[in-house]
Structures are given as structure tokens and as C-alpha cells.
Amino acid sequence: MEVGNEQGRAQGNGRSDAAAGKPRTSPCNSLKMFLVALSFAYFAKALTGSYMKSTITQLERRFDIPSYLIGVIDGSFEVGNLLVIAFVSYFGAKLHRPKIIAVGCVLMSIGTFIIALPHFIIGRYQYETSVRWVVNSTLNPSPCPVGSPADLAQDRKLSHVPATGCEGDSNLSMWIYVLLGNVLRGIGETPVQPLGISYIDDFASEENAALYVGCVQTISVVGPVFGYLLGSLCAKIYVDIGFVKMETITITPSDARWVGAWWLGYLIAGVITLLSAIPFWFLPRSLHIPGAQGSEKCTPEQTRFIKDPHSGKHKYPADQNTTFIEMAKDFIPSLRTLLGNPVYLIYLCVSIIQLNSLIGMVTYKPKYIEQHFRQSASKANFLMGVINIPAVALGMFSGGLLMKRLKLNIMGAARFAFGTSLIGYILSLFFFAMSCENAKVAGVTLPYISLDSISYDTHSVFAACNSDCFCSASDWDPVCGENGITYVSPCLAGCASSSGSGKNTVFSSCSCVGVAGNFTASTGQCPEKDDCDRMFPYFLALSVITSFIISLGGTPGYMFLIRCIKPQLKSLALGFHALATRTLAGIPAPIYFGAIIDTTCLKWGQKRCGGLGACRIYNTTAYRIAYLGLTLSLRSISFIICIPGFILLSRQLKKEERNAVHGALANGGTELEALRKEEFVVSNSDQSQQTADNSTDRETRL
């Protein structure tokens with residue numbers, strides 16, 4: 001019998017022994033290699049995504065488009081995900097996951113290069129200015145051309161008529177390339193998260209899975225640090241660097257018309273993303289899991305879903321040679337089972353609403369810093385990368401570490417994530433108190449007749465002091481008067497002459513400035529940052545604290561998603577979660593946030609070929625209320641939905657505990673019956689042996 005058992009075991013393990021005879025990489029080393037490769041891929045995609053958000057104002061000004069259209073471009077990334085994510089998440093889990101991730105990284109790289117393409121197609125950037133770069137400053141034309149009343153009225157009518165030569169202007173449609181490139185980026189990013197996380201959770205031990213996921217998520221937050229720093233660097237460089245003489249540029253990075261070298265960062269990000277694809281081509285489809293580890297890998301919650309405890313070898317669908325038709329037939333039943341889980345549905349709704357708030361806030365936060373606190377785009381991106389994002393990374397890593405140390409179960413993870421989000425919400429209410437006064441711009445935030453107090457009523461840029469000048473109301477060429485008031489243009493300031501050239505131009509005889517004995521003005525807006533400079537450090541400190549606290553619940557919340565569903569539906573659950581959140585949060589949030597922000601614009605720029613361009617100045621009070629109010633209102637709704645979620649989760653866990661107890665009793669009864677049968681067989685065997693011994697004794701006596 002023992003020889004037969006040994007032969008059976010040899011036959012049963014023939015494939016394993018044959019595989020063991022081949023040289024192969026250690027499963028531990030392969031998992032670590034995959035962890036490093038996935039972390040680099042997360043870094044690359046996060047860097048590119050954050051760089052996209054850091055170039056929002058640059059793209060607005062370069063293509064003369066409003067914020068809501070920028071939201072459409074930003075949301076196009078999620079459209080790319082929407083096209084393929086459900087199929088990639090489901091079918092990709094049964095195929096070679098590392099190679100599918102590699103293909104995705106290559107597509108992301110190509111899409112990033114396409115985004116930078118318009119810079120090499122369209123002409124040089126032209127901004128509205130009355131300042132000219134001339135060698136002989138005595139040739140400067142007068143900023144205040146004199147005209148008859150009929151000419152002035154005619155000019156104000158013609159300010160909305162397209163300029164000549166616009167038939168060949170391609171700026172109007174070049175942003176389409178940015179949108180298409182972002183769609184391709186979204187398609188390429190699709191397999192990275194669901195297939196990568198499920199691969200780690202499949203082949204890592206249960207106690208290390210949360211830590212590994214926390215490490216990957218942390219690296220994905222480190223990526224935006226470099227993305228925003230890259231955005232800060234490129235925002236300082238003029239868009240047409242190398243093609244124009246910088247001496248002829250009359251604006252500075254703090255000007256509302258400045259456009260940085262947005263295209264340069266996309267080229268750098270594209271190369272990094274392409275490099276991230278290389279390691280995945282050399283990783284195995286699956287890793288060998290020892291039998292003991294495979295049986296101990298499931299959490300108590302997950303094991304309740306598994307009917308056959310000996311079917312651990314079927315846990316990993318990637319190891320099965322399943323046909324495409326068989327996988328397709330199983331897709332609808334699997335999706336129906338997934339959506340039949342009420343806890344998963346509640347979690348999905350809460351995630352969608354909170355991500356609407358998060359995506360809208362993060363997308364326009366650099367712009368909020370620029371407009372509300374009057375910082376340059378370069379400084380806003382630098383602060384986001386150096387101060388805010390590291391706090392998020394530290395919070396996510398600390399959350400994964402705390403989950404491992406505290407050994408949180410499903411309910412513990414849910415409570416932890418909810419608590420951190422609630423504390424961050426309460427602290428965020430203090431942002432409403434951190435306000436700055438709007439810039440003092442004559443004819444926009446101040447009436448010409450009273451330059452003392454800011455008013456948001458509709459004002460006219462024309463006044464008696466500039467009535468003799470032949471001015472255009474649509475121009476945005478701000479100058480700072482000696483009285484500390486910004487004027488829309490030198491002409492509307494009533495300046496009659498100018499001296500110097502470029503950034504050093506000084507306008508004189510400005511009748512609207514009104515300072516006795518000194519009627520001069522200089523190029524650019526007046527600083528006026530005293531109140532903002534005092535408030536800005538408090539804003540940054542509170543932003544860091546709230547970001548850290550909210551991100552503490554990121555990893556426990558993500559692990560809750562993984563552990564609240566059946567193990568065989570893990571990849572599908574992650575994929576469908578990403579599909580739903582990107583469809584209902586990633587796509588619409590930047591659009592309606594941008595549309596609401598557009599309603600707070602006080603002065604629009606005008607395209608050279610007619611139509612509204614990018615906004616030049618906002619009503620900062622209305623901007624703050626709209627931006628923060630919408631963000632916190634969405635989070636309030638999500639907290640209300642969490643209440644029935646906790647009730648359902650508690651009931652489900654209690655039900656599973658009862659089922660587990662009944663199952664244990666049933667198994668115990670079966671084992672007891674088997675033991676009794678075994679004892680009965682042994683007893684009969686002993687009686688037979690005793691009978692035989694008695695017969696032998698009688699024969700001996702005879």
C-alpha cells in the first residue's frame with residue numbers, strides 16, 4: 001500500500017517535479033521584481049497625470065479656451081479608461097498580466113508624445129500687448145491714439161470682429177490633439193491598477209499584501225511630487241524658448257498672459273513612461289505558491305465564500321487554460337454576483353461622490369492658489385509638489401502600516417477610513433476663513449469714479465479721463481499706476497506717452513492715475529499681496545494637515561474593497577470600481593467644476609480671431625465660495641450614504657459568523673460520525689482477532 005501511495009504521489013506531482021527540474025527565478029525574487037516594476041509604472045503614470053494638472057492654466061492661455069473645456073480635456077483620460085477597462089480587468093486577469101501592463105505603458109507613452117505635438121505644428125505664441133521692443137525708444141508710439149467719437153464707437157463695435165488672416169489660424173482646433181493624446185493615455189493606463197494590485201494580492205502572503213499595496217500607492221503619490229516640480233520648472237521657461245529672443249518678451253511668469261514651456265514636460269514624461277514598460281516583458285505569468293501558503297492565504301472573511309477548501313489551486317484564474325468563449329459566458333453571471341453585493345454597491349456610491357470632490361479639488365487647486373493668493377503658476381506647482389503631495393504620500397504609507405500593526409478586519413478598516421475622512425472634512429471648513437481681497441483693477445473691480453473700495457457691480461472701462469483715447473475694451477494689457485491701482489491697458493489709463501522698451505517701459509502723462517505731480521504707470525499688475533502674504537502660510541499649513549489625515553484612510557479603504565468580495569471576483573471588482581468612478585467622477589468632475597469656476601470670471605481675454613479666450617481675472621470671493629463649497633458639499637453627501645453602509649456591513653458580518661458556526665458544527669458532526677464508524681470497525685476487528693485467538697487456544701489444548 002505504501003509503495004502504491006508513493007507511485008500515486010509521484011504521478012500526481014509529475015508536472016511539478018518536471019517544472020522544478022527547470023531553472024526558474026525564486027517566487028520571492030519575482031514578486032519583488034514585479035513590485036519594483038509596478039511601483040515605477042505607478043510613478044510614471046502619476047507623474048504624467050499630475051503634470052497634466054499642473055499645465056491647466058498654460059493650456060488655457062496657449063489655446064485660448066475656458067476652464068470647462070480644460071475639464072473636457074482632463075476628463076478625456078477617463079474616457080480612454082471607460083472604453084476598455086471592464087474587458088481588460090476581467091479577461092486580463094486570465095491572461096499574462098505583466099505583458100498586458102507592458103503594452104499599456106507603451107500606449108501611455110505614445111499618448112503623452114501626441115499631447116506635445118501641437119507645439120511643433122502651430123505658430124509662435126502671440127499675446128495682446130501695446131508694448132513694443134524697439135532699439136530706439138524715442139520711436140515708441142503713443143498708447144493713447146486720438147480719434148473722433150465716431151471712430152471710438154466704430155472701434156468698440158469692431159472689437160468683436162475677427163482679425164484679418166484668421167482663415168489659416170490653427171490654434172482653434174489644436175487642443176483636439178491634446179484631447180486625443182489624453183484618451184490614448186487613459187487606454188494605456190487601464191491594466192496597470194487592477195491587474196497589478198490583483199497580481200500582488202494573489203501571490204503575496206496575507207500579512208504582507210496590505211504593506212505591499214501601501215508601498216505601491218505611496219510611490220504613486222511620490223510621482224506627482226516630481227510631476228508638479230517638473231510643471232514648476234517648465235512654467236518658468238517661456239513657451240517658445242529657443243525660437244524667439246527673450247529680450248523681446250515683455251511679460252513675466254506672474255502675468256496672466258504668460259505661457260510656459262508646457263510641451264517640454266510631456267516629452268520628458270513620455271520617455272519615463274516608455275522606460276517603465278521594459279521590466280514587465282521579463283516577468284512570469286504566475287508565481288509558484290506552496291500548498292501551505294496557498295491554504296493559509298485567505299482571510300477569515302474570504303474563506304467563508306469558498307465552498308471547497310481543497311480548491312486552492314483554482315484560485316488563480318491566470319493558471320487556467322480557459323478559452324475566450326468560456327470566459328465571455330462567465331462574465332455576465334460574475335458581474336451579476338458582484339453587483340448583488342449591497343456592501344460593494346454602497347462602497348461604490350461613496351467612492352464616486354468622494355472622488356468627484358477630490359478630483360475637482362485637485363484639478364483646480366494650483367489655479368486656486370494662482371488666482372486667490374496671486375501666486376505664479378510656477379510657484380503654485382512647486383508648493384503642490386514639495387509641501388502638499390509628500391503629506392499625502394506619508395499619509396497613505398502610514399495608513400497601510402497602521403492597518404498591518406492594528407490587524408484591522410473589514411469593519412475596522414471601514415471605520416478607520418470613515419473617521420479620517422470626517423476629521424479632514426471638519427478641518428477643511430476653516431479654508432472659508434482664509435480669504436484675500438481681489439486685485440484693484442479700474443473698470444473691473446473698481447469704478448473709475450471711486451477707487452477706494454472694491455465693488456463687483458458691472459463697471460465700464462471707459463471714463464472721462466480716457467474718453468479722448470481710441471481704446472479697445474477687449475484688450476488685456478495691464479499697467480500699474482503710481483496710485484497702486486491696476487488699469488486694463490495703458491490706453492484705458494489715459495497714458496499719452498511712453499519711454500523705454502520691453503519690460504522696462506514706463507508710461508507717462510496718464511490722466512486716469514490722478515496722483516498729483518506723478519501720472520506714470522509701469523507694465524504689469526500691481527503686486528498688492530500684503531494681506532495674501534500673511535494668510536498664505538496658514539493656508540499651506542492647514543492644507544498639509546488635512547491632506548495627511550484624509551490620506552491615512554486611503555490604504556485601509558482600498559483593502560476594504562479587496563476583502564469585501566469573493567476572491568475569484570477580485571479583479572472584476574477592482575476593474576468595475578475603476579470603471580464606475582472614472583465614468584461618474586473622473587469625466588464629469590473637472591467639467592462642471594471648471595464651468596462653475598468660469599461663472600466667477602470678471603474679465604475675459606479675446607481670441608485674435610474672435611470669441612472669448614482664457615479668463616484674465618476672477619472674483620476671488622465667488623471663486624472661493626464656489627470651489628470650496630462644491631468640494632465640501634459633495635463630501636457631506638458621501639457621509640450620509642455611509643450610514644446605511646455600516647448597517648449593511650454589520651448585518652452581513654453577523655450573518656457570515658452564524659453561517660461559519662453552523663458550518664463548523666456540521667463539519668464537526670460529520671467528523672464525529674466518521675470517528676464512530678472508525679471505532680466500530682476497529683472494535684469489530686478486535687473482536688474477530690480475539691475469536692481467532694480463542695480458537696487457536698482451544699486447538700492447542702486439544
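Computed from a predicted model, the values in this text were never measured in an experiment. Quick note: residue numbers are just sequence positions, from 1.
- Partners of Y68 by side-chain contact (heavy atoms from CB on, under 4.5 Å), not counting sequence neighbours, listed by chain and number: P66, A595, D598.
- Side-chain contact annotation: S254 with T252, donor-acceptor N/O pair under 3.5 Å present.
- Atoms OG and CG, from S633 and N356 in turn, are 12.5 Å apart once rounded to the nearest 0.5 Å.
- Counting heavy atoms from C-beta on, the side chains of S67 and E60 come closer than 4.5 Å.
- The disulfide bond (SG atoms under 2.5 Å apart) search around C615 returns C601, not counting sequence neighbours.
- Applying the 6.0 Å contact sphere to CZ of F382 captures no more than 12 heavy atoms from other residues, nucleotides or ligands.
- At least one side-chain heavy atom of F63 sits under 4.5 Å from a side-chain heavy atom of V178.
- Pairing each heavy atom of Y177 with each of P118, the nearest pair is CB-CG, 3.5 Å.
- Other residues, nucleotides and ligands contribute more than 12 heavy atoms inside 6.0 Å of the CZ atom of F432.
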Show me the donor-acceptor pairs, under 3.5 Å and distance only, between side chains in residues 236-245 and residues at least two apart or in other chains.
residue, atom, partner, partner atom, Å
D240, OD2, Y125, N, 2.8

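- Across all non-hydrogen atoms, the minimal contact from A493 to V479 is CB-CG2, 4.2 Å.
- Under the 30°/60° scheme for interplanar angles, the aromatic rings of Y266 and W262 are found to stand perpendicular.
- Remark: aromatic rings of F373 and F539 are close, center separation under 6.0 Å.
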Derivation of the side-chain contact (heavy atoms from CB on, under 4.5 Å) call for L230 and I268: CA-CA 9 Å; L230 182 61; I268 296 173; 3.9 Å; yes
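- Under the 4.5 Å side-chain criterion, counting only non-hydrogen atoms from C-beta, Y368 is not in contact with M361.
- Between atom CG of residue L179 and atom CZ of residue F77 there is a gap of 13.0 Å, rounded to the nearest 0.5 Å.
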